[in-house]
2 protein chains.
Amino acid sequence: MVAYTLSDDEVDRIFKALADRTRRDIVRRTLIAEASISELAKDYEMSFAAVQKHVAVLEAADLVARTPRGRERIILGNPEAIRRAQQLLGQYETIWRGRIDRLDALLAEDPPTPGN
Amino acid sequence: MVAYTLSDDEVDRIFKALADRTRRDIVRRTLIAEASISELAKDYEMSFAAVQKHVAVLEAADLVARTPRGRERIILGNPEAIRRAQQLLGQYETIWRGRIDRLDALLAEDPPTPGN
DNA sequence: TTAATATGAAACCAAATGGTTGCATATACT
DNA sequence: AGTATATGCAACCATTTGGTTTCATATTAA
């Protein structure tokens, strides 16, 4: 299992990209099946250009890939980026478990005495 | 295992809160050990008020809890919120696996014939 | 009681965000 | 060749974000 090290900038981009429901929906859809930008755009109540911008944000975060096919641009979700974000959150879980371990250690020590 | 259902607004708040390196550091630190806002603020190159605002963003996303203790406010990271975010990303993984299964099914079908 | 500390909250500011419209260009269809 | 479609990109706009400073209030310490 390779451990990816993401820079602060990369992590910023990933979470910022995921912090918008339209973008999360695009990720979800393009993980299910590829779609062109105009196919995606049909289903949102906003302009084509707005959807295009959302896709650009996702691509900058490497959450989707954009491949030309004729006059279209095919968007495909990138499960690897999602996995990296998940691993990142997993590290916080590990940190927290460390705190619990330390608390347990404290409680396992000699019970506190007035003179201690 | 209880499945939490987060509203779009809640998910927006969580990822937006995590999309800032100072806030991620505050989460990390307060998962390790509780800290007052001023203790946190000492270690960042910004005003106390700025750190106070970051804590407010994290609290709104339920990523930390703020408990009064005397004149201080003690900040403690909330591992449950992190876990929920992780589960959310896990759902995307599941979605993606569905695509792979469908692709496998396609490949397992009768090989394509010109007349098909 | 007075001084110091910790927080809260408001007003302000520059930059980023999320949307728009309009126009240019590339590709496909007839 | 001419038209329709898909995209890219720029300019613009309102709102949000991430910072600041300032002032008020609550609590602790001397």
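Note that these values count all heavy atoms, side chains included, but never hydrogens, waters or copies made by symmetry. Each chain gets a letter, A, B and so on, in the order the sequences are listed, and its residues count up from 1.
For A:Asp25, the side-chain contact (heavy atoms from CB on, under 4.5 Å) test picks out A:Arg28, A:Arg29, A:Tyr44, with sequence neighbours left out. Remark: B:Glu59 pairs with B:Val64, B:Arg66 by the side-chain contact (heavy atoms from CB on, under 4.5 Å) rule, at least two apart or across chains.
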Assess the residue pair A:Arg83 and A:Glu80 against the criterion (salt bridge (charged side-chain N to carboxylate O under 4.0 Å, His left out)); give the C-alpha distance rounded to whole Å, side-chain angles, the decisive distance to 0.1 Å, and a yes or no.
CA-CA 5 Å; A:Arg83 239 174 265 133; A:Glu80 196 49 48; 2.4 Å; yes
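For the pair B:Arg24 (side chain) and B:Leu18 (backbone), a donor-acceptor distance under 3.5 Å is present. B:Thr30 contributes a side-chain N or O that, together with a main-chain N or O of B:Gly77, makes up a donor-acceptor pair within less than 3.5 Å. A:Asn78 places a side-chain N or O within donor-acceptor distance of the main-chain N or O of A:Asp62, the cut-off being under 3.5 Å.
Candidate nucleotides D:dC9, D:dG18, D:dT20 were compared by shortest atom distance to the side chain of A:Ala49, and D:dC9 ranks first.
Within the 4.0 angstrom heavy-atom criterion, base atoms lie near A:Lys53.
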Would you be so kind as to tabulate the donor-acceptor pairs closer than 3.5 Å made by side chains of residues 50-57 of chain B, with sequence neighbours excluded?
residue	atom	partner	partner atom	Å
B:His54	ND1	B:Arg23	NH1	3.2

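Between A:Arg66 atom CZ and D:dT7 atom C1' the separation is 9 Å, expressed in whole Å. Distance A:Ile74 CD1 to D:dG8 P: 11 Å, rounded to the nearest Å. Straight-line distance from the CG atom of A:Asp12 to the P atom of D:dT17: 15 Å, rounded to whole Å. The interatomic distance linking B:Asp20 (CG) with D:dT16 (P) rounds to 18 Å, in whole Å.
The closest side-chain heavy-atom distance from A:Ile75 to A:Ser36 is not below 4.5 Å.
Near DNA chain C, defined here as any heavy-atom distance below 4.0 Å, the residues from residues 23-48 of chain B are B:Ser36, B:Ile37, B:Ser38, B:Phe48, listed numerically.
Here the shortest heavy-atom pairing between B:Ala61 and B:Arg13 reads CB-O, 3.6 Å. Heavy atoms only, all atoms of each residue included: B:Phe48 and B:Ala41 are closest at CD1-CB, 4.0 Å.
Where DNA chain C meets chain A (any atom under 4.0 Å from a heavy atom), the bounding nucleotides read 5' to 3' are C:dT17 to C:dA28.
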Using the 3.5 Å cut-off, write out each protein N or O paired with an N or O of nucleotides 24-28 of chain D and the distance between them.
residue	atom	partner	partner atom	Å
D:dT27	O3'	B:Arg71	N	3.4
D:dT27	O2	B:Arg71	NH1	3.4

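With respect to the salt-bridge test (charged N to carboxylate O, under 4.0 angstrom), the residues A:Lys16 and B:Asp20 do not qualify.
Using a 4.0 Å cut-off, no side-chain N or O of A:Arg73 falls inside it from OP1 or OP2 of D:dA6.
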